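Structure first, then comments.
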Amino acid sequence: MNEPIEKIAVLTSGGDAPGMNAAIRAVVRACTYYSVECVGVYRGYQGLIEGDFETLNARHVSNIINKGGTILKSARSLEFKTEEGRAKAYKNLKEHGIGALVLIGGDGTFTGGLKFMEEYNFPLVGIPGTIDNDIYGTDNTIGYDTALNTVVEVIDKIRDTASSHNRLFFIEVMGRDAGFIALNSGIGAGAEEILIPEKNLGLDRLVDSLNKSRANGKTSSIVVVSEGDKIGKTVFELADYITENFPIYDIRVSVLGHMQRGGSPSCFDRVLASRLGVAAVEALLDRTTGVMIGITNNQISKVELDKAIKMNNDINEELLKVAEITSI
Ligand code: F6P
């Protein structure tokens, strides 16, 4: 028979995302609700290896639902990729009487967790926390909605100056391997063109589209470029290419960078994180392990961790069409 779970540990790992604190808060309070001790692990897997633990009660997580970042800090641990590192982590968990783990993060976090679970048969569940929204098995990841709102707010501001000076702006947004931020913020901010890693639209198509916009009477334009864009050029190279071949355009570049990862989470992300945090604790107490908790069609869903890691969310073709039609 399985031993009862008396202590659950929670950690955040990989790139931080607004709403991670709301998820930590929900995990801690769900543990309190179900009379289980909750232990916070600092700096992700590195803290697991170093035994950087603190018992958290419901009051420790007061006034954090509105805060960006993660109170538990985050790290990308190289040591956890080694057998020795994972052995130290297991020893620490056992010594502290921790019976299960909640992992808040993205692909890399789940890959490490899965390996650990396979090696030590240690119960764990994942919660998707990344601004990229590139995790299979949930409609939204924690932080994505906030990042979109941040990006749209900034592009609106850039549009003001672009329009005053009749300029063409190339704006780079995050999303190393996924174009969800670019596509959705691009539509939301009314971009003339959107370049994403999933589709190679090609330079000719970009030039064609810019020239058409100009012919249609547009005096300024916004091109949103995902950092992992398939054309394979950085925003600066793209800008240089257009400047050299089409000197008629007055071009500026903006790289939004890590500001997209910060800020107070949107209400959507707070609710999402709260639901996922509670469901994660409930799943562990029900003896579920090796899954990621998501929300699909507004219902709590569970997907095997290896599927969440290996499978991709497809770019919605309808959105591509909407982007094309509305940018005329
Ligand atoms: O995965 C989240 C993300 O913000 C990506 O969009 C981005 O490419 C990457 O993390 C940046 O990572 P770092 O903070 O290590 O520079």
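Residue numbers count from 1 along this sequence. Quick caveat, the model's predicted, so the values are computed rather than measured. First listed ligand is number 1; within each ligand, the first listed atom is number 1.
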**Pairing residues for D269 by the side chain to side chain donor-acceptor pair (under 3.5 Å) criterion, not counting sequence neighbours** = T146
Per-pair distances, ligand 1 N/O vs protein N/O, less than 3.5 Å:
from, atom 1, to, atom 2, distance (Å)
ligand 1, 1 (O), D132, OD2, 2.8
ligand 1, 4 (O), R261, NH1, 2.9
ligand 1, 6 (O), D132, OD1, 2.7
ligand 1, 6 (O), D132, OD2, 3.3
ligand 1, 6 (O), G175, N, 3.2
ligand 1, 6 (O), E227, OE2, 3.3
ligand 1, 8 (O), E227, OE2, 2.4
ligand 1, 10 (O), R261, NH1, 3.1
ligand 1, 12 (O), R76, NH2, 3.0
ligand 1, 14 (O), H258, NE2, 2.9
ligand 1, 14 (O), R261, NH1, 3.0
ligand 1, 14 (O), R261, NH2, 2.9
ligand 1, 15 (O), R76, NE, 3.4
ligand 1, 15 (O), R76, NH2, 3.0
ligand 1, 16 (O), H258, NE2, 3.2

**Message:** We want to know whether N149 and S266 form a side-chain donor-acceptor pair, criterion being a heavy-atom distance below 3.5 angstrom.
**Reply:** no
**Item:** Charged N-O contact under 4.0 Å between E153 and K157
**Value:** yes
**Request:** Classify the side-chain pair S264/R270 by whether it contains a donor and acceptor separated by less than 3.5 Å.
**Result:** yes
**Prompt:** Taking the side chain from T141 and the backbone from I131, do they hold a donor-acceptor pair closer than 3.5 Å?
**Reply:** no
**Asked** Does a side chain donor of either R29 or T32 reach within less than 3.5 Å of an acceptor in the other side chain?
**Response** no
